[in-house]
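Here the structure comes first, spelled out in structure tokens, and everything after it is commentary.
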Amino acid sequence: MQRNFTVGMAGHIDHGKTSLTKALTHIDTDTLKEEKEREITIELGFAPLLQTEDLHISIVDVPGHEKFIKRMIAGVAGIDLVCLVVAADEGVMPQTKEHLEILDFLGIKGGIVVITKIDKVDETFTELVKEEIRLELESTIFSNAPIFLVNNLTGDGIDQLKTMIIEEMKKIRPRDSNGALRLPIDSIFSVKGQGTVVRGTIYEGKVKEGETLWILPKGIETRARQIQVHHQKREIAFAGERTAINLPNLSKENLTRGDVVVSSHDFVITDVIDVSLKMVDKLEYLVKQRMPILCYIGTAEVLGRIVFFDRKEIESETNEVLCQLRLEKEVVTKRGDAFILRRPSPQETIGGGWVIDPNGQKYRFGLQTIEVLQQKKEGNHVDRVFRLLLQHRSLSLSALVKLSSLQKKEVLRIIQETKDLIAYAEETFCHRMILEEMKEAIYDDLLASEQKYSMRRGLDKAVLIQKMSDIFPKKLIEYVLHIGEEDIWVREGAYIHTKNFRPSIPKSWETRVKRALEALRKDELHVKWLHHYFEAQGIPETEMKAFIHFLRIEKKLIQLNAQYDLDYDVFMQAVEKLRNETNSQFSVGDAKSILGLSRKYVIPFLEGLDQIGYTKRVGNMREWK
């Protein structure tokens with residue numbers, strides 16, 4: 001399996017980084033006219049150190065001058081090992097120290113110290129320089145780094161250094177070529193007849209010729225027309241490789257350094273980032289709450305402000321600071337990415353660290369927020385997936401991949417191995433705790449509705465979904481309503497009610513209504529105007545209408561006409577008696593005789609039979625249906 005790495009050349013201006021790169025690779029990375037004239041590195045320079053079947057190593061030569069520090073950061077952001085270059089005749093210089101701090105903040109672990117220009121000093125002085133370097137580096141990532149003495153012009157020590165670099169690279173874990181491509185752009189140019197070409201080191205994933213790509217955060221769709229690695233045409237390039245991609249139908253002016261080439265939508269575009277920040281050992285000026293900062297992340301340089309939640313300013317700090325960056329422009333980043341912060345004016349590096357959560361929220365000032373950020377920082381992969389699902393209540397697989405900064409295969413593994421994660425729709429998940437929360441919320445809504453509107457058949461499903469959709473996704477609501485049926489609630493047509501609910505008259509009126517019905521039943525078929533019975537019990541007109549409507553639906557009353565209602569059971573007994581004592585047809589007189597009713601009562605009764613559909617009038621007779 002091919003392993004791809006990048007070595008960075010860092011150090012003070014004019015300490016021999018470019019000539020060391022040339023001695024190792026036989027390539028002069030200073031190609032600009034201005035670089036030749038001024039004899040300084042301005043743009044990033046790249047050259048292949050080794051290209052075998054299983055190991056590819058590139059070198060990036062970064063500017064040493066303080067004016068080009070942002071280009072230096074863009075160059076070292078994708079490296080795996082650093083050669084810290086120190087000239088024997090000058091020793092450790094200010095820019096050496098700043099490069100060291102930046103490398104430390106970026107989390108680069110591997111390092112080799114290279115002392116150049118040894119021909120300019122004698123052996124005794126060289127030993128003094130070595131001792132000085134050891135003292136300067138004892139509390140840095142280079143405290144135990146090997147030291148090599150080289151002469152870039154004669155080649156003394158170069159072969160030994162190259163061997164050491166290769167051996168160190170074999171110890172380093174390679175970048176992951178699985179998953180989607182992420183290539184932060186550090187260089188953009190046009191080739192006559194070919195169009196726009198972007199270059200950068202592939203952070204993760206791989207890119208194939210002809211593949212559809214996107215430029216983020218702009219959201220521009222394009223494709224990889226042609227791919228080159230160190231000027232060699234390739235059909236595919238892998239993580240860790242210095243890669244150039246020809247993008248058709250794109251103008252150079254559409255792109256900027258800091259844009260990111262990706263092959264999927266599983267990357268977060270954000271301008272609010274929760275971070276773990278370490279400050280430099282010695283700050284020249286106070287770092288104040290909401291102070292303007294320049295944030296360097298990937299190859300992007302973005303203005304923003306720093307927001308603290310447990311302090312108003314920092315004069316000096318050795319411990320990590322959990323805080324937030326609010327940027328003026330969106331960037332593409334994920335959990336674990338390193339960043340550097342610099343003060344815009346007066347310019348200085350103030351710190352750096354790593355991204356805890358690329359989807360920062362607005363938090364209140366106080367220790368409670370610090371506890372939340374600490375939990376985010378310390379959480380493992382499973383914790384992060386759980387926290388996201390509890391925060392967002394429901395997420396698609398692609399959203400989980402994007403927000404967790406995990407690979408798709410890792411998210412799928414967590415889902416498969418965790419019983420508390422529920423797939424309620426195609427590639428859409430929620431946490432069991434959310435389901436239980438929703439069940440309680442639905443049950444509480446049903447109870448509240450049943451208590452307030454006890455005569456209704458339940459809560460309209462559409463109304464319930466509409467109400468809850470402000471909090472929960474509609475598909476998730478429907479899923480929970482489905483799994484809760486029969487056990488917790490019952491659905492009847494468009495209505496849902498709790499399992500043991502039965503529509504009823506409100507308890508505060510129950511006794512009075514019961515007495516009104518008893519009086520109606522006692523009068524059997526010789527009833528008075530229905531309102532008379534309710535008025536006699538002190539039931540007002542406003543309540544009476546609702547009660548009568550409910551009692552008719554519940555088949556406690558049967559309406560004959562606008563004035564008369566009968567008790568339902570009394571009516572059904574009379575119907576059965578009349579049917580049993582008549583033939584297929586009968587007259588009004590027959591009904592009067594059988595039921596013992598006067599014309600005042602028998603006519604409404606028979607009209608009621610017609611309206612309900614038990615009989616049909618044929619001339620002066622009625623016919624049973």
Side-chain angles (χ1 to χ4, degrees), residues 359 361-362 385-400 402-403 411 415 418-510 512-514 539-557 559 568:
N359 296 279
Q361 308 296 313
K362 286 193 174 181
V385 171
F386 277 22
R387 191 182 298 110
L388 285 168
L389 286 172
L390 292 175
Q391 176 186 344
H392 296 274
R393 303 182 183 276
S394 165
L395 287 170
S396 65
L397 178 60
S398 62
L400 272 173
K402 179 185 290 186
L403 297 175
V411 174
I415 291 169
T418 309
K419 293 180 181 179
D420 286 331
L421 301 186
I422 309 298
Y424 71 89
E426 185 178 358
E427 290 199 335
T428 310
F429 305 88
C430 69
H431 195 285
R432 191 178 299 278
M433 286 175 62
I434 298 298
L435 291 185
E436 297 305 319
E437 179 187 337
M438 288 184 65
K439 284 181 183 178
E440 287 185 22
I442 292 171
Y443 187 75
D444 289 345
D445 274 357
L446 292 176
L447 278 182
S449 175
E450 290 164 4
Q451 289 170 4
K452 188 174 182 179
Y453 306 105
S454 64
M455 293 185 293
R456 293 181 181 176
R457 292 166 56 193
L459 190 56
D460 188 294
K461 180 185 175 183
V463 172
L464 178 62
I465 290 175
Q466 180 64 36
K467 179 183 177 183
M468 298 197 72
S469 61
D470 292 339
I471 305 172
F472 302 102
K474 184 179 177 182
K475 283 188 177 181
L476 184 56
I477 300 168
E478 291 176 338
Y479 174 78
V480 174
L481 286 173
H482 174 70
I483 63 173
E485 275 189 33
E486 307 305 329
D487 292 332
I488 308 173
W489 46 73
V490 176
R491 179 180 172 186
E492 293 183 4
Y495 295 92
I496 299 172
H497 59 77
T498 57
K499 190 175 181 181
N500 297 318
F501 171 73
R502 296 292 179 271
S504 63
I505 298 294
K507 290 190 180 297
S508 57
W509 295 102
E510 190 175 25
R512 296 188 191 192
V513 172
K514 185 178 180 182
I539 299 174
E541 183 81 16
T542 52
E543 302 293 340
M544 189 189 307
K545 288 182 179 179
F547 295 160
I548 290 172
H549 178 71
F550 170 73
L551 292 168
R552 286 170 178 168
I553 290 174
E554 291 294 307
K555 295 188 177 180
K556 300 294 183 184
L557 296 176
Q559 184 180 18
Y568 186 82

State, with a plain yes or no, whether a side-chain heavy atom of [X] is found less than 4.5 Å away from one of [Y].
{"X": "Glu437", "Y": "Ile434", "answer": "yes"}
{"X": "Tyr495", "Y": "Val490", "answer": "no"}
{"X": "Val385", "Y": "Thr418", "answer": "no"}
{"X": "Ile488", "Y": "Ile483", "answer": "no"}
{"X": "Gln391", "Y": "Leu403", "answer": "no"}
{"X": "Val513", "Y": "Ile539", "answer": "yes"}

Look up atom [atom1] in [X] and atom [atom2] in [Y], then write down how far apart they are to the nearest 0.5 Å.
{"X": "Leu390", "Y": "His392", "atom1": "CG", "atom2": "NE2", "answer": "10.5 Å"}
{"X": "Thr498", "Y": "Leu459", "atom1": "OG1", "atom2": "CG", "answer": "11.0 Å"}
{"X": "Leu446", "Y": "His497", "atom1": "CG", "atom2": "NE2", "answer": "9.5 Å"}
{"X": "Leu551", "Y": "Lys556", "atom1": "CG", "atom2": "NZ", "answer": "8.5 Å"}
{"X": "His549", "Y": "Glu554", "atom1": "NE2", "atom2": "CD", "answer": "10.0 Å"}

Q: For Lys439, check salt bridge (Lys or Arg N to Asp or Glu O under 4.0 Å) against everything at least two apart and list the hits.
A: Glu436
Q: Could you list the residues that satisfy salt bridge (Lys or Arg N to Asp or Glu O under 4.0 Å) with Arg387, not counting sequence neighbours?
A: none
With [X] via side chain to side chain contact (heavy atoms under 4.5 Å, CB included) - residues at least two apart:
{"X": "Tyr568", "answer": "Lys555, Ile558, Met572"}
{"X": "Met455", "answer": "Ile505, Pro506, Ala546, Phe547, Phe550"}
{"X": "Arg491", "answer": "Lys461, Glu485, Ile496"}
{"X": "Glu440", "answer": "none"}

Non-neighbouring partners of [X] that pass side chain to side chain donor-acceptor pair (under 3.5 Å), sequence neighbours left out:
{"X": "Asp445", "value": "Lys467"}
{"X": "Ser396", "value": "Ser398"}
{"X": "Arg512", "value": "none"}

(Q) What verdict does the side chain to side chain contact (heavy atoms under 4.5 Å, CB included) test give for Leu388 and Asn359, after you've listed the backbone C-alpha separation in whole Å, the side-chain angles of each residue and the deciding distance to 0.1 Å? (A) CA-CA 10 Å; Leu388 285 168; Asn359 296 279; 5.7 Å; no
(Q) Can you pull out every salt bridge (Lys or Arg N to Asp or Glu O under 4.0 Å) where at least one residue sits in residues 446-460? Sequence neighbours excluded, please. (A) none
Would you give me the side-chain donor-acceptor pairs under 3.5 Å for residues 472-480, sequence neighbours excluded?
none

(Q) Which heavy atom of Ser449 sits nearest to which heavy atom of Gly458, and what is that distance? (A) OG-O, 4.5 Å
**Q.** Heavy-atom pair with the smallest gap, counting every atom of Leu400 and Leu395
**A.** CD2-CD1, 3.8 Å
Could you tell me whether a side-chain N or O of [X] sits under 3.5 Å from a main-chain N or O of [Y], the two making a donor and an acceptor?
{"X": "Trp489", "Y": "Leu481", "answer": "yes"}
{"X": "Ser469", "Y": "Gln466", "answer": "yes"}
{"X": "Gln559", "Y": "Leu557", "answer": "no"}

Compile the donor-acceptor pairs under 3.5 Å between side chains in residues 422-430 and protein atoms, sequence neighbours left out, one pair per line.
unit_1	atom_1	unit_2	atom_2	d
Tyr424	OH	Ser394	OG	2.5
Thr428	OG1	Glu426	O	3.0

